[in-house]
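Contents: one structure, followed by commentary.
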Amino acid sequence: MDRVNATTPSASSADDPARAAFAALRTPEGEQLLAELRDHDPADELATATRLRRTHPAELVSAALGQARLRQRAVAKFGAEDAYRMYFTPNGVEQATRTSVAAHRSARFAGLGVRSVADLCCGIGGDAIALARAGISVLAVDRDPLTAEVARANAEALGLGELIEVRCADVTEIDTAPYDAVFVDPARRGPRGGAARSASGRGGGRATGGRIFDPEAYSPPLSWATAAALKAPRAALKIAPGIPHEAIGPEAEAEWISDGGDVKEAVLWYGEGFAPGAFRATLLPSGATLSAPAPLPAPPVGPVGRYLYEPDGAVIRAHLVADLVERCRGRLVDETIAYITSDEPYSSPYVAGYEITDELPFSMKRLKALLRERRVGVLTVKKRGSAVEPEELRRRMKLSGPNAATVFLTRVAGAPTMLIGHPLG
Ligand SMILES: C[S@@+](CC[C@H](N)C(=O)[O-])C[C@H]1O[C@@H](n2cnc3c(N)ncnc32)[C@H](O)[C@@H]1O
């Protein structure tokens with residue numbers, strides 16, 4: 001693979017204020033400012049800016065403060081050690097894949113012997129970095145000149161420059177034939193205006209563009225990405241977890257990934273080593289993974305038993321609840337609600353289990369009386385199929401006492417119901 005970063009963006013950074021500001025940040029003076037701002041308190045930003053402007057150009061100070069803000073935001077995705085060595089744009093940090101998910105995906109590719117990947121739509125490099133750390137050579141492509149520069153800077157900052165070649169180009173112009181696999185992470189947000197491009201971080205918190213739900217409105221569209229995937233020996237497409245299942249072709253294995261219980265994304269896998277037509281749920285950080293050929297038959301529905309199980313969101317999105325119902329020899333409490341109930345205790349990484357002590361028709365008054373009688377001061381509210389706001393409910397309960405309880409607001413056989421219980425140890 002050609003390691004020279006051959007593609008030169010159409011205009012030089014001198015013509016583009018955002019790129020000029022980014023270039024200034026990478027000078028020794030810019031780096032020194034960034035290092036100084038590492039632990040600064042955002043609440044003191046005005047005083048910090050005033051102090052720094054006495055000894056540094058105002059534009060550089062504002063770019064450094066913006067970048068410091070972005071690094072702080074990026075810690076949740078990349079961890080502090082990487083985030084404070086990396087560079088971001090507002091869109092870049094928001095759209096980047098978190099390290100845990102990118103590493104999981106890279107490990108699946110590496111486990112199948114993939115040695116080189118064309119990362120089409122690389123953004124600031126979240127996936128490219130994880131692929132390189134799995135020992136894979138990466139061609140990382142993004143058409144936005146600033147974003148491509150930031151990706152290149154990140155590869156260098158993390159010592160991965162030898163494995164990542166960044167190219168500023170439209171992905172539709174890339175010949176992917178030399179690569180073992182293709183990865184596409186299309187842009188899924190509408191434009192946010194000029195500030196969104198800036199590496200100074202201004203405007204990042206105030207989105208004017210919204211998420212794009214129509215897969216054909218992705219850039220590039222899902223149909224283009226699918227065609228690119230089918231041409232390659234192996235491929236992965238990152239898609240929104242809410243993608244309608246009908247939009248998933250029979251050639252793909254679809255995987256929903258949660259991290260710490262929150263569904264983060266879905267990915268479509270193509271090629272040898274994957275299971276076309278199968279739906280998979282993977283839970284991070286454990287890596288527990290459940291898969292079945294889709295679709296599964298509808299699970300049985302029946303009365304609430306002694307135990308209630310709340311499946312992980314990835315299992316629900318992957319329509320694998322029926323598989324868990326079978327494993328725990330249980331049933332659903334309602335055909336439209338993903339709460340499983342059984343009469344025997346069951347333990348699995350894919351569900352949170354509760355012992356149910358009370359089942360009542362929905363009534364704020366009755367719940368308040370019961371919680372008072374049980375001296376419940378801490379109430380966890382879970383809900384599925386109920387419009388009640390948990391905060392409002394907690395406020396109205398006027399909780400007091402040394403005990404804790406969990407209430408499920410849901411429907412049982414179509415009727416609004418409250419189930420009260422506590423988590424299984
Ligand atoms: C969701 S982000 C990629 C995030 C990346 N995977 C990461 O983890 O950092 C999508 C990127 O696609 C780029 N993009 C959109 N359409 C493109 C096209 N036709 N050619 C090249 N890049 C494109 C955007 O500039 C944006 O940076």
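Owing to the predicted nature of the structure, the values given are computational and were not obtained by experimental measurement. Whatever order the structure lists them in is the order used to number ligands and atoms, beginning at 1.
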- prompt: If you count the atoms of ligand 1 from 1 in the order shown, which ones are under 4.0 Å from a heavy atom of Asp127?
  reply: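 Ligand 1 atoms under the 4.0 Å threshold to Asp127: 5 (C), 6 (N), 7 (C), 8 (O).
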Looking at Ala151 and Cys122, what are the two nearest heavy atoms and their distance?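 Nearest pair, atom of Ala151 first, then Cys122: CB-SG, 4.2 Å.
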[atom]: which protein heavy atom is closest, and how many Å away?
atom: atom 5 (C) of ligand 1; answer: Cys122 O, 3.2 Å
atom: atom 16 (N) of ligand 1; answer: Ser219 OG, 2.7 Å
atom: atom 9 (O) of ligand 1; answer: Gly126 N, 3.0 Å
atom: atom 10 (C) of ligand 1; answer: Asp185 O, 3.3 Å
atom: atom 18 (C) of ligand 1; answer: Arg143 CD, 3.6 Å
atom: atom 2 (S) of ligand 1; answer: Gln95 OE1, 3.0 Å
atom: atom 20 (N) of ligand 1; answer: Val171 N, 2.9 Å

Query - Any residue meeting side chain to side chain contact (heavy atoms under 4.5 Å, CB included) with Glu335, in chain and number order, not counting sequence neighbours - result: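 Partners of Glu335 under the side chain to side chain contact (heavy atoms under 4.5 Å, CB included) test: Val301.
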- Message: So, using side chain to side chain contact (heavy atoms under 4.5 Å, CB included) as the criterion, who are the partners of Ala181 when residues are at least two apart?
- Response: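 Scan of Ala181 (side chain to side chain contact (heavy atoms under 4.5 Å, CB included), adjacent residues dropped) gives Phe109, Val114, Val117, Arg234.
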Q) Picking from Asp127, Ile129, Leu163, Asp119, what satisfies side-chain contact (heavy atoms from CB on, under 4.5 Å) with Val138? A)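 Going through the options one by one, the only one that passes is Asp119.
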#### Entry: Worked verdict on Arg152 versus Glu149 for salt bridge (Lys or Arg N to Asp or Glu O under 4.0 Å)
CA-CA 5 Å; Arg152 194 171 293 134; Glu149 269 165 35; 5.6 Å; no
Out of curiosity, is [X] lining ligand 1, as in a heavy atom under 4.0 Å away?
X: Ala128; value: no
X: Thr147; value: yes
X: Pro186; value: yes

Closest to [atom] among [options] (heavy-atom distance):
atom: atom 23 (C) of ligand 1; options: Ala96, Gly92, Ala169, Cys121; value: Cys121
atom: atom 8 (O) of ligand 1; options: Val141, Thr97, Ile124; value: Thr97
atom: atom 19 (N) of ligand 1; options: Val150, Val184, Asp170; value: Asp170

Quick one: do the Thr89 and Asn91 side chains pair a donor with an acceptor below 3.5 Å?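 Note: Thr89 and Asn91 side chains miss the donor-acceptor criterion.
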Q.
Under a plain distance cut-off of 3.5 Å, with no hydrogens placed, do Thr147 and Asp142 share a side-chain donor-acceptor pair?
A.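 The criterion, which ignores hydrogens and geometry beyond distance, is not satisfied for Thr147 and Asp142.
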When you compare the side chain of Leu284 with that of His104, does any pair of heavy atoms fall below 4.5 Å?
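In short, these two side chains touch, coming nearer than 4.5 Å.
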Side chain proximity check, Gln72 to Pro42, heavy atoms < 4.5 angstrom: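 Result yes, sub-4.5 Å side-chain heavy-atom pair found.
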Next item on the list: Specify whether Trp269 and Phe274 have parallel, tilted or perpendicular ring planes, treating 30° as the upper limit for parallel and 60° as the lower limit for perpendicular.
Entry: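 Ring orientation, 0 to 90° scale: parallel.
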Counting only nitrogen or oxygen atoms and a 3.5 angstrom limit, does Asp142 reach ligand 1?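 Indeed, backbone or side chain, Asp142 has an N or O that close.
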